[in-house]
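Everything below concerns the one structure shown next.
As the structure is a prediction and not an experimental result, all values here were calculated from the model. As a basis for the values below, the full set of heavy atoms in this structure was taken, side chains included, without hydrogen atoms, waters or symmetry mates. The chains referred to below are lettered A, B, ... by the order of the sequence lines, with proteins before strands, and numbering in each begins at 1.
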Amino acid sequence: MSFEPKNPVVKWVEHRLPIIGMMHHALYDYPTPKNLSYWWTFGSLAGFMLVVQIVTGIVLSMHYTAHVDLAFNSVEHIMRDVNYGWLLRYMHANGASMFFIVVYLHMFRGLYYGSYKAPRELLWWLGLVIFLLMMATAFMGYVLPWGQMSFWGATVITNLFGAIPVVGEAIVTWLWGGFSVDNPTLNRFFSLHYLLPFVIAGVVILHIWALHHHGSNNPTGIEIKDKQDSIPFHPYYTIKDLFGMAIFLIFFSAFLFYAPNYLGHPDNYIPANPLVTPAHIVPEWYFLPFYAILRAVPDKLGGVLLMFGAIAVLFALPWLDKSRVRSARFRPIYKQLFWIFVIDCVILTYVGGKPAEEPFILIGRLATAYYFLHILVLLPLVGLFEKHKPLPASISEAVLDKKPAAEGASNA
Amino acid sequence: MTTTTPVEEDGVKRRDFLYVAAGGVGAVGTAMAIWPFVDQMNPSADVLALSTTEVDLSAIETGSEITAVWQGKPVFIRHRTAEEIKAAEDVDVATLPDPQADADRVQNPDWLIMLGVCTHLGCVPLKESGDFDGWFCPCHGSHYDTSGRIRKGPAPLNLKVPPYTFIDDGNVVKIG
Amino acid sequence: MLKMIKSISAAAVLSVMAITGANAAGGNIDYKSVDWQHTGMFGTYDRSAAQRGLQVYREVCAGCHALELVAFRTLQDLGFTEAEVKAIAAEYEYVDGPDDEGEMFTRAGKPFDKFPAPFANEKAARASNGGAYPPDLSLMVKARSGAENYVYSLLTGFEEAPEGFDLPEGMHYNEYFPGHKIAMAPPLFEDGVEYSDGTKASVDQMAKDVTVFLAWAAEPKLEQRKNMGLKVILFLLLMSGIFYAAKRKVWSDVH
């Protein structure tokens with residue numbers, strides 16, 4: 001279906017810059033597999049959360065002051081005096097958590113259904129780049145309120161770069177702009193925290209472009225073969241995504257209005273004190289699995305390498321997974337390994353928040369070992385030797401097959 | 001998209017009502033969500049708390065004046081002498097560039113309270129100077145009289161009188 | 001759909017457990033539990049308790065503990081009139097200026113002022129308190145994982161040190177302070193404050209009242225937040241229902 005505008009204004013613009021047609025193609029008649037489940041709503045939710053974070057962030061920065069003597073109180077000024085300031089601050093802080101929840105579910109969907117496999121390797125990579133940028137953005141953003149956790153989290157994580165041989169110390173001094181985390185650090189983190197979300201937005205555009213080039217994956221892992229397999233994005237997935245967003249907003253609102261500090265840490269309501277280290281320095285929950293991996297290795301450089309390695313191996317996923325079948329729906333052994341992997345990630349999250357004592361040290365090491373075992377050993381082996389279930393001939397066939405069983409049940 | 005044609009009801013197809021409702025609810029929700037983002041730019045509670053200033057008048061002798069600060073701007077508070085009041089009241093209002101009677105500029109003739117901001121381009125005029133025994137703005141040569149009215153020079157309007165009330169038996173003025 | 005709900009719920013439960021477990025990194029002290037009026041979905045601050053708590057803060061705590069994030073004008077939230085707020089503010093002195101002679105001068109407090117700190121800076125505070133620093137209380141209720149229950153337990157938790165416990169000179173035993181050694185002497189005594197509303201000022205009462213006051217001081221927008229939350233969630237439930245119906249309608253020809 002090509003775009004044929006009737007409206008004269010639209011025609012005038014389209015002739016000079018075909019942006020409306022491009023949007024139309026992307027959001028209206030984009031042929032989408034007709035069997036997408038609700039696991040496919042997390043992509044649009046992630047895009048929505050990026051917008052929420054950018055908008056709340058911009059209005060917050062109208063009232064925030066990035067100076068070590070003023071930052072903490074400027075945040076309290078927002079909470080107490082700025083009209084709806086409390087709402088905007090809690091929206092931004094909890095929004096960061098929501099953004100990661102949505103993106104983690106989005107990534108696990110990709111792992112389950114083989115969305116990273118050819119020809120979508122670059123799509124997967126762009127997603128990982130977005131994830132890395134999100135982590136950098138969130139890390140710097142958490143420093144801005146200049147609470148105890150802000151300061152000490154910044155100190156610990158920037159100190160990690162000192163593990164790099166030869167140039168490590170120089171790099172840390174360069175990052176700090178001084179001899180410890182202080183005002184120059186805070187100022188540059190504010191600048192970069194404001195910048196990176198727009199870089200993320202740019203990569204998101206590339207991510208969606210890559211997606212649209214070959215089209216979306218679907219729960220069967222089988223590509224669209226003919227028109228019967230697909231439906232236009234609008235109205236089917238626009239309304240479905242809107243419904244998903246409404247439910248998601250309820251979940252978001254539960255935290256925002258009734259437990260706004262649950263996902264945070266009380267120590268960040270104490271102004272930063274360079275002379276007093278908190279009893280337990282803990283990053284925000286979305287960093288915990290990586291924090292656990294970092295601490296699993298007794299060597300500083302080793303821990304740093306393994307922590308970054310945990311994400312680096314994900315880039316190699318399309319080649320590590322030797323299976324010619326995409327979707328775990330038809331891969332009975334991989335399916336079980338996937339859920340064990342999920343549990344392993346939950347364990348890593350839990351351990352990351354615990355003090356560095358037994359039994360958590362041992363559990364953390366085992367969980368870290370299993371993480372790499374899964375990706376580097378089990379995935380290739382299972383891919384090579386697994387006998388998959390018989391694949392349906394097409395998406396339509398899969399949908400039709402489900403229909404009698406689905407009678408009376410809603411679309412999954 | 002195939003549909004069974006629904007029964008027309010009052011010209012509105014039944015299935016459309018649901019979509020209209022969905023669109024309407026979505027639009028209402030979006031509008032309600034936008035308000036906090038707009039309102040956050042309005043003055044915050046601490047700024048509003050400074051929107052009134054109270055000034056003690058008891059120490060200001062006749063013939064002298066102080067400059068208070070209200071909403072970040074200078075406010076001239078002058079305890080006028082009988083001569084200054086008479087000079088202000090005797091002026092023929094019709095001859096003024098910005099006609100205004102002295103009685104319309106003061107609540108109590110003894111006290112002249114007005115913004116010390118020249119109505120030309122915003123400089124702070126100097127007291128007890130100029131050709132009219134009032135104020136003179138050195139930036140571009142505007143002359144104000146003993147009622148703070150523009151008499152000569154480029155300023156178009158009289159010095160602005162802010163809202164104020166006398167409290168505490170007239171010993172204190174609350175501006176704003 | 002059902003499978004979807006089951007897997008998301010399982011993941012959610014596991015994650016919440018992981019995060020809860022992870023957050024409980026602090027000590028395993030069981031605080032005394034009080035059913036605070038302002039907790040829960042429909043909670044509101046007990047204003048008479050908060051007003052009494054302000055009195056306790058001013059008469060007992062303010063000698064050592066600052067409350068520098070709270071402006072006097074916000075006390076109107078607790079039911080004080082504008083005149084009462086002006087009177088409270090005027091009891092304190094603030095340095096202002098310079099005046100027309102270039103000199104700094106002192107003036108009475110105004111509603112827009114914040115509660116003054118009892119010490120000029122941290123070092124002065126430490127010098128007056130045997131090296132210990134009495135923290136600012138503006139956010140205390142949010143700055144401790146036990147929240148209100150922690151503050152209440154601490155204030156009512158001063159006991160005789162148990163046999164054999166090493167309590168250095170100048171420290172006091174407290175059941176609920178991490179490490180059990182706190183530099184602060186028990187601040188509350190029976191009838192230490194004479195409540196203007198006639199309530200009996202037992203230690204327990206004063207502890208509860210000042211905790212409510214400090215909870216408000218840390219989170220003055222709590223009531224607006226919960227109020228808005230209710231309206232937002234009800235609206236979202238309505239919107240979800242309508243969107244779901246529309247979604248089913250749109251998809252009816254695909255199923």
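The number of heavy-atom neighbours closer than 6.0 Å to CG of B:Asp92, taken from other residues, nucleotides and ligands shown, is above 12. Within 6.0 Å of the CD atom in B:Glu61, the count of heavy atoms belonging to other residues, nucleotides or ligands does not exceed 12.
Listed here is the closest heavy atom pair of C:Phe112 and B:Ala49: CB-CB, 4.0 Å. The two residues C:Lys110 and B:Glu54 make their nearest non-hydrogen contact at NZ-O, 4.4 Å. The two residues B:Leu18 and C:Ile242 make their nearest non-hydrogen contact at CD1-O, 4.1 Å.
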Quick one: side chains of residues 67-83 of chain C, donor-acceptor pairs under 3.5 Å with protein atoms, not counting sequence neighbours, listed by atom name and distance.
| unit_1 | atom_1 | unit_2 | atom_2 | d |
| --- | --- | --- | --- | --- |
| C:Arg73 | NH2 | A:Asp81 | OD1 | 2.9 |
| C:Thr74 | OG1 | C:Ala71 | O | 2.5 |
| C:Thr81 | OG1 | C:Glu84 | N | 3.1 |
| C:Thr81 | OG1 | C:Glu84 | OE1 | 3.4 |

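Here B:Lys160 pairs with B:Leu115 under the side chain to side chain contact (heavy atoms under 4.5 Å, CB included) rule; sequence neighbours left out.
Residues of residues 26-48 of chain B that come within less than 4.5 angstrom of chain C, heavy atom to heavy atom, are B:Gly26, B:Val28, B:Gly29, B:Met32, B:Ala45, B:Asp46 in numerical order. Residues of residues 226-239 of chain C lying within less than 4.5 angstrom of chain B, judged on heavy atoms, are C:Phe235, C:Met239 in numerical order.
The line from CZ of C:Arg107 to CG of B:Asp56 is 14.0 Å long, rounded to the nearest 0.5 Å.
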